Amino acid sequence: MSTLKAVRGTRDLLPPETALWNRIETTARQVFARYNFGEIRTPIFEDTSLFARSVGEETDIVSKEMYTWEDRARAQSEKPQSLTLRPENTAGVVRAYIEHKLGETGQLQKLFYIGPQFRRERPQKGRYRQFWQIGAEAIGPPSAGSESPLRDAEILEMLATFLDELGIAGWTLELNSVGSAADRARYNDTLRAALVPLAPQMCVDCQRRAVTNPLRVLDCKVPEDQPIIETLPKIGDSLGQESIDHFAAVTAALQAAGVPYHLNPRLVRGLDYYTRTTFEFTHGGLGAQNALLGGGRYDGLSESIGGPKAPGIGFAMGLDRLVLTLQAKEADQSSAPPQGAKADAYIAPLGESLNAPALTLARELRRAGFRIELGDGSFRLKKSFEAADKTARHIVILGEDELQSGILTVKDFASGLQTKVPRAELPSMLAKPMAQ
RNA sequence: GCGGCAGUAGUUCAGUGGCAGAACGCCUGACUGUGGCUCAGGAUGUCGUGGGUUCGAUCCCCACCCGCCGCCCCA
């Protein structure tokens, strides 16, 4: 019988790595809270048509990457239903916004989420079939200011602050406007027409894209094609005046706030619902998967799935990729491994008759907030020391003498000093700051 | 989904068509209430899985699985 393994593209996250995941999630919660975002948790699977109608039937995500199955009827009265593991979370958030009539509050809804997403892609570093996203959405009726370019700028400024506070240096904000749905359709036609005479001189991928998805031609990385791409019409030239003014207001606010950005008229996003402002934060050192996060405005998304007019803007960050970036940075800085993984004390009972009193002592200290590793009285003292040195900053020896006298033997591994400490003074002794 | 490279101990990796190796880590002892430094011992394992070639395969061949790199796509 073959042994069972995590399936392709999925993986286990183990300590100590999970501490880094928690640090990132905690930082996100803290930063988002300062911008007054609240957490939303939506189901991990939804009706398949939600994604088909929002992300777009023709996108790669919907057409070939979703985990979809038919949930069979269990009773005469039930109908079978096609369900899909969510490949992204914006659609679920907007569905919840509509379902709970959050637009009726009249207020802008500012929601963030943290959770796994699923896409059946070929796995690679930074690309998994179950991957984690941290994202946020600001959505509401136009009367709540949901269309304001200030919302776009605020979100981008929040992301810059988040990455800075996480300690990710060297990111680039790539910014573009793809215009309204009408602007975008017009540009698509213009581009398609312009490509008819040019495509035959381009790479085979571009020849295909010129027909299937002209916007993707702009993303081509083949060097020989670059001069041709430079001559193609720019999306900026297809934007209506409203889109132009909106985008100008976004960039002006970013400049005022001192958030650096790089205009990239070729930035194209793969989900159909994006309108006007679109962006990516990229980082070198992630290989082919260089996008740390991406997002944009989606002014028509709510209507496209049967909801009220509810413009919005949001983003999704690849948590797996944030972890990779921070791990690479820590590997670079080498030197001191983080020492935060150690307990405050290891309690070493001397003999199995001391096990129960040791648990009592551990309970006292743990209830006082200390991180305690509890040894075993069957260990010889030498073995307790070895185990303690690996897992804790102090060892507390609990033998018959200590139990009778109430004076414990404590050794500080950093200094090598061993002292006798009355039980009542143990908490203050353990609380003393350690040399970091 | 396409092309390429890899898979050997807990980890990082050597290696050979003929008994499976190193370093680190782990366990035991020198030392029955004192770790780190020593020293002496010990265990590492379906050599990714399944077939094939061969007297004999961890090694060569094929398929599959899984990972990595690029494409594609995206976070």
Side-chain angles (χ1 to χ4, degrees), chain A residues 1-11 14 55 59-65 86-90 114-135 159 203-206 208-209 212-213 215-216 219-222 267-271 274 278-283 286-296 314-325 346 348-351 354 375 377-402 409-418:
Chain A
M1 193 178 89
S2 59
T3 52
L4 291 168
K5 300 191 298 185
V7 306
R8 182 169 163 87
T10 72
R11 61 209 177 117
L14 307 172
V55 176
T59 61
D60 278 14
I61 292 175
V62 171
S63 64
K64 50 192 181 194
E65 295 177 358
R86 61 186 186 197
E88 58 100 54
N89 217 325
T90 298
I114 299 176
Q117 318 292 336
F118 306 85
R119 292 182 201 172
R120 199 181 179 290
E121 295 187 276
R122 181 150 173 175
Q124 217 174 100
K125 185 159 81 172
R127 188 168 82 181
Y128 308 99
R129 289 182 169 186
Q130 174 176 332
F131 60 102
W132 290 71
Q133 286 188 334
I134 302 177
L159 285 165
C203 69
V204 289
D205 284 329
C206 281
R208 174 178 49 78
R209 294 180 186 120
T212 60
N213 195 349
L215 287 175
R216 282 266 144 236
D219 253 0
C220 179
K221 290 165 192 108
V222 175
L267 177 66
V268 178
R269 316 230 69 248
L271 285 67
Y274 285 118
T278 57
F279 55 87
E280 265 179 31
F281 281 69
T282 58
H283 194 274
L286 276 173
Q289 275 64 49
N290 71 341
L292 280 175
L293 67 92
F315 63 85
M317 306 191 277
L319 184 45
D320 307 73
R321 294 182 186 178
L322 294 173
V323 168
L324 282 170
T325 303
Y346 179 103
L350 294 185
L354 279 306
S378 69
F379 288 3
R380 288 168 47 190
L381 189 57
K382 171 185 158 61
K383 187 171 171 181
S384 292
F385 262 85
E386 285 169 353
D389 195 20
K390 281 166 198 151
T391 56
R393 291 160 38 229
H394 300 86
I395 184 168
V396 176
I397 297 168
L398 183 63
E400 277 302 335
D401 295 351
E402 284 84 357
T409 304
V410 180
K411 188 159 186 174
D412 178 329
F413 286 119
S415 65
L417 292 178
Q418 182 164 314

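Being a predicted model, the structure only gives us computed values, none of them experimental. We name chains A, B, ... by the order of the sequence lines, and we start the count at 1 in each one.
- Of the possible donor and acceptor atoms, none in the side chain of A/Arg129 sits under 3.5 Å from a partner among the backbone N and O of A/Pro123.
- Taking 4.0 angstrom as the limit, A/Lys390 places a side-chain polar atom (N or O) nearer than this to OP1 or OP2 of B/C26.
- Protein atom CD1 of A/Ile61 is 17 Å distant from nucleotide atom P of B/G1, rounded to whole Å.
- Contact annotation: the side chain of A/Trp132 never approaches that of A/Val323 to less than 4.5 Å [non-hydrogen atoms, C-beta and beyond].
- Using a 4.0 Å heavy-atom criterion, one finds that A/Thr409 contacts the bases of the nucleic acid, with or without backbone contacts as well.
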Under 3.5 Å, which N/O atoms of the protein pair with N/O atoms of nucleotides 2-12 of chain B?
from: B/C2; atom 1: N4; to: A/Arg122; atom 2: NE; distance (Å): 3.4
from: B/C2; atom 1: N4; to: A/Arg122; atom 2: NH1; distance (Å): 3.0
from: B/G3; atom 1: O6; to: A/Arg122; atom 2: NH2; distance (Å): 3.2
from: B/G4; atom 1: O6; to: A/Arg122; atom 2: NH2; distance (Å): 3.4

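- Between A/Lys383 atom NZ and B/G36 atom P there is a gap of 15 Å when expressed in whole angstrom units.
- One can find a donor-acceptor pair under 3.5 Å joining the base of B/G33 and the side-chain atoms of A/Glu402.
- Computed from coordinates, the A/Arg129 CZ to B/C65 P distance equals 10 Å when rounded to whole Å.
- When both pairing distances are held under 3.5 Å, B/C66 makes no Watson-Crick or G-U pair with any nucleotide shown.
- Taking each heavy atom of A/Tyr346 and A/Ala387 in turn, the nearest pair found is OH-CB, 3.8 Å.
- In the set B/A75, B/G33, B/G36, the nucleotide with an atom closest to the side chain of A/Glu386 is B/G36.
- A/Asn89 places its CG atom 16 Å from the C1' atom of B/C74, with the value rounded to the nearest Å.
- A/Arg8 places no side-chain N or O within 3.5 Å of a backbone atom of A/Arg122 that could act as its donor or acceptor partner.
- Side-chain contact between A/Gln418 and A/His394 is absent, with no heavy-atom pair separated by less than 4.5 Å.
- Of the two residues near RNA chain B, A/Pro123 and A/Thr59, the one whose nearest nucleotide lies more 5' is A/Pro123.
- Following rounding to the nearest Å, A/Phe118 (CZ) and B/A75 (P) show an atom-to-atom distance of 16 Å.
- Within 3.5 Å, no donor on the side chain of A/Lys382 pairs with an acceptor on the base of B/G33, nor the reverse.
- Protein atom CG of A/Leu417 is 18 Å distant from nucleotide atom P of B/U34, rounded to whole Å.
- A/Gly351 comes within contact range of no nucleotide atom at all, as no heavy-atom separation falls under 4.0 Å.
- Rounded to the nearest 0.5 angstrom, A/Gln117 CD and A/Asp320 CG are separated by 10.5 Å.
- Nearest-nucleotide positions on RNA chain B place A/Gly9 closer to the 5' end than the other of A/Gly9 and A/Glu280.
- Spacing between atom NZ of A/Lys64 and atom P of B/C72 amounts to 12 Å, rounded to whole angstrom units.
- Counting any heavy atom pair closer than 4.0 Å across all strands shown, A/Leu293 reaches sugar-phosphate atoms only and no base atom.
- In this structure, A/Leu271 reaches the sugar-phosphate backbone alone: every heavy-atom distance under 4.0 Å involves primed, P, OP1 or OP2 atoms, never a base.
- Residue-level contact check: A/Gln418 touches the bases, meaning some heavy atom is under 4.0 Å from a base atom.
- Of the inter-residue distances, the one linking A/Leu350 atom CG with A/Glu402 atom CD reads 6.5 Å to the nearest 0.5 angstrom.
- Listed nucleotides B/C74, B/C68, B/G33 differ in distance to A/Lys125; the shortest reach to its side chain belongs to B/C68.
- The existence of a salt bridge linking A/Lys390 and A/Glu386 is excluded, since no basic side-chain nitrogen approaches an acidic carboxylate oxygen closer than 4.0 Å.
- Atom P of B/U54 sits at a distance of 16 Å from the matching atom of B/C61, rounded to the whole Å.
- Summarising the base pairing, B/G21 is matched to B/C13 through a Watson-Crick or G-U wobble pair whose two defining distances lie under 3.5 Å.
- You'll find a donor-acceptor pair under 3.5 Å spanning the side chain of A/Arg321 and the base of B/C74, going by distance alone.
- Judged purely by atom type and a 3.5 angstrom limit, A/Arg119 uses its side chain to pair as donor or acceptor with the backbone of A/Pro87.
- Heavy atoms of A/Gly295 sit nowhere under 4.0 angstrom from any nucleic acid atom.
- Only the P atoms considered, B/A6 is 22 Å distant from B/G1, to the nearest whole Å.
- Contact annotation: A/Arg8 reaches the phosphate of B/C66 (side-chain N/O to OP1 or OP2, under 4.0 Å).
- For the pair A/Phe413 and B/G36, the ring geometry does not qualify as stacking, because the centroid separation below 5.5 Å and plane angle under 30° are not jointly satisfied.
- Taking every side-chain heavy atom of A/Ala291 into account, B/C74 is the closest of B/C74, B/U28, B/C68.
- Here the separation of B/G42 from B/A9, taken at their C1' atoms, is 14 Å to the nearest Å.
- Side-chain nitrogen and oxygen atoms of A/Gln124 include none within less than 4.0 Å of the OP1 or OP2 phosphate oxygen of B/G67.
- Rounded to the nearest Å, the gap between the C1' atom of B/C66 and that of B/G7 is 8 Å.
- Taken from CG in A/Leu319 to CD1 in A/Ile134, the straight-line distance is 4.5 Å, to the nearest 0.5 Å.
- Closest approach of A/Ser384 to A/Phe379, counting heavy atoms only: OG-CB, 3.5 Å.
- Comparing B/C74, B/G35, B/G33 by their nearest atom to the side chain of A/Phe385 picks out B/G35.
- Note: A/Asn290 CG to A/Thr325 OG1 = 10.0 Å, rounded to the nearest 0.5 Å.
- Within the 4.0 angstrom heavy-atom criterion, only backbone atoms of the sugar-phosphate kind lie near A/Asp60; the bases stay farther away.
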Per-nucleotide protein contact along nucleotides 39-44 of chain B, 5' to 3', at a 4.0 Å heavy-atom cut-off (B base, S sugar-phosphate only, - neither), is ------
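- Side-chain contact between A/Ile397 and A/Phe385 is present, with heavy atoms from C-beta onward closer than 4.5 Å.
- Formation of a donor-acceptor pair under 3.5 Å by the A/Arg11 side chain with backbone atoms of A/Ala6 is not found in this model.
- B/G4 and B/C65 have their P atoms separated by 16 Å, given to the nearest Å.
- The separation of B/U16 from B/G29, taken at their C1' atoms, amounts to 36 Å, rounded to a whole angstrom.
- Using a 4.0 Å heavy-atom distance criterion, A/Tyr128 is classed as a base contact.
- Counting any heavy atom pair closer than 4.0 Å across all strands shown, A/Arg11 reaches no nucleic acid atom.
- Nucleotides B/C13 and B/C68 have their P atoms positioned 14 Å apart, rounded to a whole Å.
- Distance, A/Gln130 CD to B/C74 C1': 17 Å, rounded to whole Å.
- The nucleotide B/U58 finds no pairing partner, because no Watson-Crick or G-U wobble arrangement with both distances shorter than 3.5 Å includes it.
- Pairing for B/U28 goes to B/A40, judged as Watson-Crick or G-U wobble with the two contacts each under 3.5 Å.
- One P atom belongs to B/A30, the other to B/G35, and the distance between them is 12 Å to the nearest Å.
- No engagement by A/Leu322 is indicated, since no non-hydrogen atom pair under 4.0 Å with the nucleic acid exists.
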